[in-house]
Visitor: 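Quick one: the structure is below, and I'll ask about it shortly.
Note on naming: letters A, B, ... go to the chains in the order of the sequence lines (proteins, then strands), and numbering restarts at 1 for each one.
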Amino acid sequence: MSFDPTAAEPDRHAAPPAAGRPLRIGVGGPVGSGKTALVAALCRALADLELAVVTNDIYTTEDAEFLRRAGVLDPARIEAVQTGCCPHTAIRDDITANLDAVEALAERFPALRLVIIESGGDNLTAVFSRGLVDHQIFVVDVAGGDKVPRKGGPGVTTADLLVINKTDLAPLVGADLDVMSGDAHRVRGGLPVVLQSLVDTPGAPAVAEWVRARLAAVTTG
Amino acid sequence: MRARAHLRVERDGAGRHVVRELRSAAPLTLLPARTNGTALVHLVSSAATPLGGDDLALTVEVGPHAELTLVGVAATVALPGPHGAPSRSSVRLTLAPGASVAYLPEPTVVTGRACHESVLVAELAGNATLRAREVLVLGRVGERPGTLTTAVTASRDARPLVRQHLRVGDRELDASVASLAGKRVLATELYLDGSTPAAASGEWWSCTPLAAGGTLTTALADDAVTAVRRLGLAAAARG
Amino acid sequence: MSVLALMLADSRFPGGGHAHSGGLEEAAARGLVRTEADLPAFLSGRLRTAGVLAAVFAAAAAHSAAGRVDNWSTLDEELDARTPSSAQRSASRAQGRATARAAAAMAVPSVDNVCGSTLRVLLAATPRPHHAIVLGAVIASPPDAALVAAYLSVSGPASASVRLLGLDPLRVNGSLAALEPLLRSVAADAAASAALDPAALPAPGAPALDLLAEEHDRHHREEVRLFAS
């Protein structure tokens with residue numbers, strides 16, 4: 001059961017971004033599920049696009065540093081937001097600092113088409129406000145236990161894309177991928193699910209393709 | 001005691017920085033010193049001042065492109081007067097375009113039961129530059145300070161650069177992390193030169209760029225020597 | 001007090017406040033605030049310095065808003081001159097921008113006529129206004145604006161202490177309540193100065209708080225900090 005008010009009627013057809021502003025995609029999920037690694041992979045996979053990243057981790061500077069060190073993005077294209085020990089507040093209840101960061105990036109790079117907003121690691125109830133992002137990706141990993149999709153919660157049930165990450169670890173941690181995938185599809189009512197391992201496919205091709213499709217929808221819509 | 005002293009420095013046709021007007025008024029005694037470059041004037045206190053009831057004012061005018069260094073000779077020790085009246089000392093600096101002033105008084109010591117008000121007003125024009133230092137010492141060793149209020153106001157072409165008022169001698173406030181964090185000495189140094197270097201800081205000192213150009217260095221310490229050494233760290237960081 | 005003022009004072013107001021500790025994080029990192037017992041002195045010191053300054057400018061801005069006086073640039077540069085710490089200025093402007101953004105969405109008919117148009121003029125003059133000035137511009141009542149600004153100057157750090165140090169939220173709230181007389185007098189004094197020429201407004205300094213803010217900012221660039229200020 002979900003206590004999130006948006007879960008009853010998830011807004012799966014949010015209006016496309018107003019003309020002239022970049023598409024905003026949120027990447028959320030529990031601590032250690034691989035959000036930053038996914039963002040880094042997307043930066044590489046989508047390097048042909050005008051994109052930028054906002055990081056929100058409570059260890060904001062560290063995440064921003066990780067991306068800078070990974071050399072996947074010009075440091076000027078990374079903005080870090082401090083969350084005051086409340087990562088979910090910054091992406092859901094009070095989104096102003098993130099909106100400021102997105103606007104600062106859009107001013108710095110007028111041709112910007114995509115901003116990826118990475119949330120701080122939080123629990124399964126943390127979702128992005130629809131006022132902040134156009135679409136959101138929720139990342140869980142197999143090491144967190146194969147019961148996670150069944151537990152649901154707004155992140156798992158309502159995110160526009162659910163990523164079950166680190167599938168290469170499944171045999172090591174005794175996670176049943178079929179159970180995870182089946183539960184995920186069941187609680188998500190038709191919303192897409194991607195199982196991936198950045199070890200096996202470092203470019204996160206399925207997620208990158210999904211992001212490109214969202215961008216294409218803006219352009220054609 | 002009421003005193004009005006005045007100093008005027010100009011740059012003459014030969015490029016020398018000369019003291020054109022110098023009016024001491026006891027206990028404010030101005031002593032010009034001979035130098036080759038900038039005009040150098042010593043500010044000497046010729047009596048035990050300020051005492052409660054004293055009202056001392058110094059006005060300084062510096063003409064276009066003239067340079068003045070005004071230094072204190074001994075610490076100012078604010079003492080209580082016989083009738084508990086407050087004392088007041090004010091310095092007003094007026095700088096013409098291109099003028100350059102370094103105002104470096106010695107520390108002000110606020111003794112027990114003193115009630116002193118210190119005012120510094122600097123009016124800069126054009127690209128004038130000012131360096132002004134202030135060192136406040138709360139009480140002589142082992143002594144609880146009286147009260148001191150300071151007001152620093154600086155403007156350039158009538159637009160505000162810095163306005164800071166401070167109240168010292170309120171035990172709770174002095175001890176609070178907001179005001180003096182329990183330190184006995186506060187040293188500040190204003191550089192109003194239009195530059196905006198990056199902020200620098202260390203433990204108990206910081207040098208921060210002001211919004212309208214220039215910097216303010218702040219140092220807190222338990223003694224004046226350490227406070228001034230921390231100002232030096234900031235000056236080095238400022239470059 | 002207006003409902004709008006209550007909303008702005010609410011810690012759930014989405015105006016960016018949750019990410020600011022008002023110096024508490026740096027004070028805690030230095031061990032200057034460790035327990036509930038250390039908090040009252042920190043809060044009252046903050047209220048009597050930074051809180052007074054915020055209340056004074058909130059009241060002055062409210063006075064301008066109520067009288068439809070467009071002196072926003074003057075208030076902005078006067079508050080800048082009273083905020084020597086660049087870290088404090090950017091914290092104030094970040095919260096001001098966020099609060100203006102949230103307030104602009106509060107198109108309540110009863111307040112929109114004043115608040116909406118005032119905000120537009122304010123933002124045209126200063127796109128990233130100081131927090132206290134936005135509070136005044138939106139609330140448009142000097143006593144209310146001053147009280148909200150004074151309260152926010154301590155409620156934010158108090159909340160930060162709960163999140164950062166795990167202090168007992170009930171005792172922390174008790175410390176806030178104990179500030180009531182001081183909050184009232186700070187707000188009353190600020191309201192009394194609201195009509196002054198902006199150049200003549202009080203300018204209380206906070207040397208240690210400024211110094212901590214600068215150090216906090218430096219640590220941000222070098223190591224992990226959880227709050228923006």
Side-chain angles (χ1 to χ4, degrees), chain B residues 134 136 149-156 158-168 170-183 185-188 190 196-221 227 230 234 237, chain C residues 22-24 26-28 30 32-33 38-53 73-74 76-90 93 130 153-154 157 198-219 221:
Chain B
E134 183 179 56
L136 303 176
T149 59
T150 67
V152 175
T153 297
S155 60
R156 187 185 297 282
R159 305 193 65 174
L161 296 173
V162 63
R163 297 193 203 279
Q164 283 283 277
H165 297 175
L166 189 70
R167 195 168 145 218
V168 164
D170 176 313
R171 280 183 89 182
E172 186 195 89
L173 200 54
D174 294 347
S176 111
V177 173
S179 193
L180 299 181
K183 303 288 183 195
V185 180
L186 168 67
T188 58
L190 262 179
T196 48
S201 59
E203 201 180 7
W204 297 117
W205 65 266
S206 73
C207 174
T208 177
L210 299 168
T215 58
L216 174 67
T217 298
T218 303
L220 285 163
R230 286 176 177 159
Chain C
L24 193 279
E26 180 66 24
R30 292 179 178 217
L32 300 171
V33 176
D38 302 323
L39 200 59
F42 179 86
L43 295 179
S44 74
R46 191 168 203 287
L47 177 54
R48 294 177 65 189
T49 54
V52 169
L53 184 63
S73 302
T74 305
D76 188 75
E77 70 182 14
E78 289 291 346
L79 186 46
D80 260 354
R82 288 162 177 77
T83 317
S85 156
S86 61
Q88 301 275 39
R89 287 196 302 278
S90 58
R93 290 189 186 282
H130 281 291
S153 78
V154 285
L201 289 169
L209 207 53
D210 285 354
L211 206 150
L212 294 186
E214 291 294 317
E215 270 285 90
H216 184 272
D217 214 36
R218 187 175 69 83
H219 286 139
R221 294 190 293 269

Visitor: Check whether C/Ala41 gets within reach of chain B through its side chain, its backbone, both or neither, counting any heavy atom under 4.5 Å.
Guide: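 Only the backbone of C/Ala41 comes within 4.5 Å of chain B.
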Visitor: Side chain, backbone, both or neither: which part of B/Trp204 has an atom under 4.5 Å from a heavy atom of chain C?
Guide: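 Both parts, backbone and side chain.
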Visitor: Just so I know, are the side chains of B/Val177 and C/Arg30 near enough to count as touching, which here means a heavy-atom distance under 4.5 Å?
Guide: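 Of all side-chain heavy-atom pairs linking C/Arg30 with B/Val177, none is under 4.5 Å.
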Visitor: For C/Leu53, which atoms come within 4.5 Å of any heavy atom of chain B: side chain, backbone, both, or neither?
Guide: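 No part of C/Leu53 comes within 4.5 Å of chain B.
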Visitor: Is atom CZ of C/Arg218 surrounded by more than 12 heavy atoms (other residues, nucleotides or ligands) closer than 6.0 Å?
Guide: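 Yes, because the 6.0 Å sphere around CZ of C/Arg218 holds more than 12 heavy atoms from other groups.
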Visitor: For chain C, find which of B/Ala211, B/Ser201, B/Gly214 contributes the most heavy-atom pairs closer than 4.5 angstrom.
Guide: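 Looking at each of B/Ala211, B/Ser201, B/Gly214 in turn, B/Ser201 comes out on top.
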Visitor: Indicate the atoms forming the closest heavy-atom contact of B/Leu166 with C/Gly205, along with that distance.
Guide: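 In this case the closest contact between B/Leu166 and C/Gly205 is CD1-O, 4.2 Å.
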Visitor: Heavy-atom pairs under 4.5 Å with chain B - which of C/Gly23, C/Ala206, C/Pro202, C/Ala50 has more of them than the others?
Guide: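 If we count pairs closer than 4.5 Å to chain B, C/Ala206 comes out on top.
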Visitor: Would you check if there is a donor-acceptor pair between the side chains of B/Thr208 and C/Ser86 at a distance under 3.5 Å?
Guide: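 Their side chains do contain a donor-acceptor pair, which is all the 3.5 Å distance test asks for.
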Visitor: To the nearest 0.5 Å, what is the distance between OG1 on B/Thr218 and CG on C/Leu209?
Guide: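 Here the rounded value is 11.5 Å.
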Visitor: Got a second to check how far C/His216's NE2 is from B/Ser206's OG, nearest 0.5 Å?
Guide: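 Answer rounded to 0.5 Å: 14.5 Å.
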Visitor: Sort out for me which residue in B/Arg156, B/Arg159, B/Arg163 forms a salt bridge (charged side-chain N to carboxylate O under 4.0 Å, His left out) with C/Glu77.
Guide: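 The single option meeting the salt bridge (charged side-chain N to carboxylate O under 4.0 Å, His left out) with C/Glu77 is B/Arg159.
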Visitor: Can you tell me which portion of C/Ala199 sits under 4.5 Å from chain B's heavy atoms? Options are side chain, backbone, both or neither.
Guide: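 For C/Ala199, heavy atoms of backbone and side chain both lie under 4.5 Å from chain B.
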Visitor: First locate atom OG of C/Ser44, then atom CG of B/Leu173, and finally report the distance between them rounded to the nearest 0.5 Å.
Guide: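 Answer for the OG-CG pair, C/Ser44 versus B/Leu173, is 8.0 Å.
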Visitor: Looking at every non-hydrogen atom in both residues, tell me the closest pair between C/Leu211 and B/Gly202 and how far apart they are.
Guide: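 That would be CD2-O, 4.4 Å.
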Visitor: By a 4.5 Å heavy-atom criterion (distance strictly below it), what part of B/Ala212 contacts chain C: side chain, backbone, both, or neither?
Guide: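 No part of B/Ala212 comes within 4.5 Å of chain C.
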Visitor: Identify, with sequence neighbours excluded, every residue that meets salt bridge (charged side-chain N to carboxylate O under 4.0 Å, His left out) alongside C/Arg46.
Guide: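 Result, salt bridge (charged side-chain N to carboxylate O under 4.0 Å, His left out) vs C/Arg46: none returned.
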Visitor: Check each atom of C/Arg89 against the heavy atoms of chain B and say whether the ones under 4.5 Å are side chain, backbone, both or neither.
Guide: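 Side chain only.
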Visitor: Determine the minimum heavy-atom distance between B/Glu203 and C/Glu215, stating which atoms define it.
Guide: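 Looking at all heavy atoms of both residues, the shortest contact is N-OE2, 3.9 Å.
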Visitor: To the nearest 0.5 Å, how far apart are OG1 in C/Thr83 and CG in B/Leu216?
Guide: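 Result: 11.5 Å between the selected atoms.
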Visitor: Is the closest side-chain heavy-atom distance between B/Thr188 and C/Pro207 below 4.5 Å?
Guide: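 Sidechains of C/Pro207 and B/Thr188: no contact.
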Visitor: Which bit of B/Leu180 comes within less than 4.5 Å of chain C, counting heavy atoms only: side chain, backbone, both or neither?
Guide: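 For B/Leu180, backbone and side chain are both near chain C.
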